[in-house]
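Report on the structure given below.
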Amino acid sequence: MNHNPQSSDGKQDDDSALSDFLASLMDYAPTIPDELVEHYLAKSGFQCPDVRLIRLVAVATQKFVAEVASDALQHCKARQAAVVKDKREKQQKDKRLILTMDDLSKSLREYGVNVKHQEYFADSPSTGIDPASREE
């Protein structure tokens with residue numbers, strides 16, 4: 001058994017830091033409203049009257065969404081850089097980034113979330129073909 005006095009001090013420091021953090025959540029107004037977090041927690045079968053815990057989930061959700069958006073932006077930049085290599089003159093005129101569902105899907109896949117979106121008529125390879133001649 002380890003009777004190191006520093007280990008108990010470290011635990012007390014961790015406990016006080018956790019207490020301070022949870023207390024600071026009372027004054028924090030997260031981007032995601034408490035009501036929305038409560039709704040989805042209740043929908044999943046979890047109910048908690050402690051506002052600090054609700055806000056902790058909101059902060060974690062906000063961090064997750066920010067990381068996914070940042071990664072999707074990187075995928076978007078990489079995709080558009082590959083397309084524009086051939087068209088140097090167009091790059092100087094149009095520097096807008098267009099985030100696509102594919103960029104978002106790739107980003108979410110890195111976090112273990114698989115997204116399948118509906119195939120729309122405009123995205124379908126059979127667009128414009130007579131319905132009688134389509135192979136399904």
Side-chain angles (χ1 to χ4, degrees):
M1 194 168 187
N2 186 5
H3 293 288
N4 187 355
Q6 288 182 344
S7 66
S8 65
D9 288 342
K11 182 163 175 42
Q12 288 175 353
D13 289 345
D14 289 346
D15 289 345
S16 66
L18 179 61
S19 297
D20 291 345
F21 175 70
L22 289 174
S24 71
L25 287 175
M26 290 302 293
D27 299 328
Y28 178 71
T31 303
I32 301 170
D34 292 342
E35 295 80 13
L36 184 65
V37 175
E38 288 174 356
H39 169 75
Y40 281 105
L41 287 176
K43 193 172 179 179
S44 68
F46 182 82
Q47 292 185 353
C48 180
D50 192 354
V51 175
R52 298 174 302 172
L53 188 58
I54 302 295
R55 291 195 179 154
L56 182 62
V57 171
V59 168
T61 304
Q62 182 178 339
K63 181 181 184 305
F64 176 74
V65 169
E67 287 179 356
V68 168
S70 176
D71 289 350
L73 177 65
Q74 296 308 314
H75 286 291
C76 176
K77 287 179 179 179
R79 178 182 48 80
Q80 288 188 335
V83 170
V84 175
K85 280 184 179 179
D86 299 330
K87 304 173 184 177
R88 293 285 180 204
E89 66 280 350
K90 186 176 182 180
Q91 180 182 12
Q92 293 175 2
K93 292 180 184 176
D94 190 11
K95 293 186 179 183
R96 293 180 300 165
L97 297 174
I98 301 169
L99 184 67
T100 64
M101 189 66 189
D102 289 334
D103 298 328
L104 186 58
S105 296
K106 287 177 185 176
S107 177
L108 284 168
R109 198 172 306 127
E110 293 174 9
Y111 293 93
V113 179
N114 293 322
V115 177
K116 295 180 181 179
H117 59 278
Q118 292 287 337
E119 187 175 303
Y120 297 99
F121 290 109
D123 295 338
S124 173
S126 61
T127 301
I129 296 176
D130 183 18
S133 65
R134 281 189 197 161
E135 294 178 356
E136 293 186 25

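All values below were derived from every heavy atom in this structure, side-chain atoms included, with hydrogens, water molecules and symmetry-related copies excluded. Numbering of residues begins at 1 and proceeds along the displayed sequence.
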Open item on the list: Under 4.5 Å between side-chain heavy atoms, counting indirect links through other Ile/Leu/Val/Met/Phe/Trp/Tyr residues: same cluster for Leu56 and Leu18 or not?
Closed with: yes
TODO: Report the distance from atom CG of Leu41 to atom CG of Leu36, rounding to the nearest 0.5 Å.
DONE: 9.5 Å
Open item on the list: I'd like to know if the side chain of Asp102 pairs up with that of Ser105 as donor and acceptor (distance under 3.5 Å, no hydrogens or angles considered).
Closed with: no
Task: Common cluster, Met101/Leu73, ILVMFWY with side-chain heavy-atom separation under 4.5 Å - done: no
Task: Qualifying residues under ring pair (Phe, Tyr, Trp, His ring centres under 6.0 Å), relative to Phe64, sequence neighbours excluded - done: Tyr111
Task: Point-to-point distance, once rounded to the nearest 0.5 Å, from CZ of Arg52 to CG of Leu22 - done: 5.0 Å
- [ ] Please name the residue in the list Asp34, Asp50, Asp27 that meets the side chain to side chain donor-acceptor pair (under 3.5 Å) test with Arg55.
- [x] Asp34
Task: Check: Leu53 and Phe46 side chains under 4.5 Å, non-hydrogen atoms - done: yes
- [ ] Could you tell me whether a side-chain N or O of Thr61 sits under 3.5 Å from a main-chain N or O of Val57, the two making a donor and an acceptor?
- [x] yes
Open item on the list: Please determine whether residues Val59 and Val37 belong to a single hydrophobic cluster, defined as Ile, Leu, Val, Met, Phe, Trp and Tyr linked transitively by side-chain heavy-atom distances below 4.5 Å.
Closed with: yes
- [ ] Say whether Phe21 and Ile54 are linked into one hydrophobic cluster, either directly or through other cluster members, by side-chain heavy-atom distances under 4.5 angstrom.
- [x] yes
Task: Within residues 58-78 or reaching into it, pairs that qualify as salt bridge (Lys or Arg N to Asp or Glu O under 4.0 Å) - sequence neighbours excluded - done: Lys63-Glu67
Open item on the list: A side-chain contact here means heavy atoms from C-beta on lying under 4.5 Å apart; do His75 and Glu110 qualify?
Closed with: yes
Open item on the list: Please tell me whether Val68 and Val113 are part of a single hydrophobic cluster in this structure, the criterion being side-chain heavy atoms less than 4.5 Å apart.
Closed with: yes
TODO: Quick one: closest heavy-atom pair of Cys76 and Leu97, and the distance?
DONE: SG-CB, 4.0 Å
Open item on the list: Given 3.5 Å as the limit, does a donor-acceptor pair link the side chain of Ser70 with the main chain of Ala66, or not?
Closed with: no
- [ ] Supply the atom-to-atom distance Lys106 NZ to Gln74 CD, rounded to the nearest 0.5 angstrom.
- [x] 13.0 Å
Task: For Val51 against Met26, the heavy-atom pair lying closest together - done: CB-SD, 4.4 Å
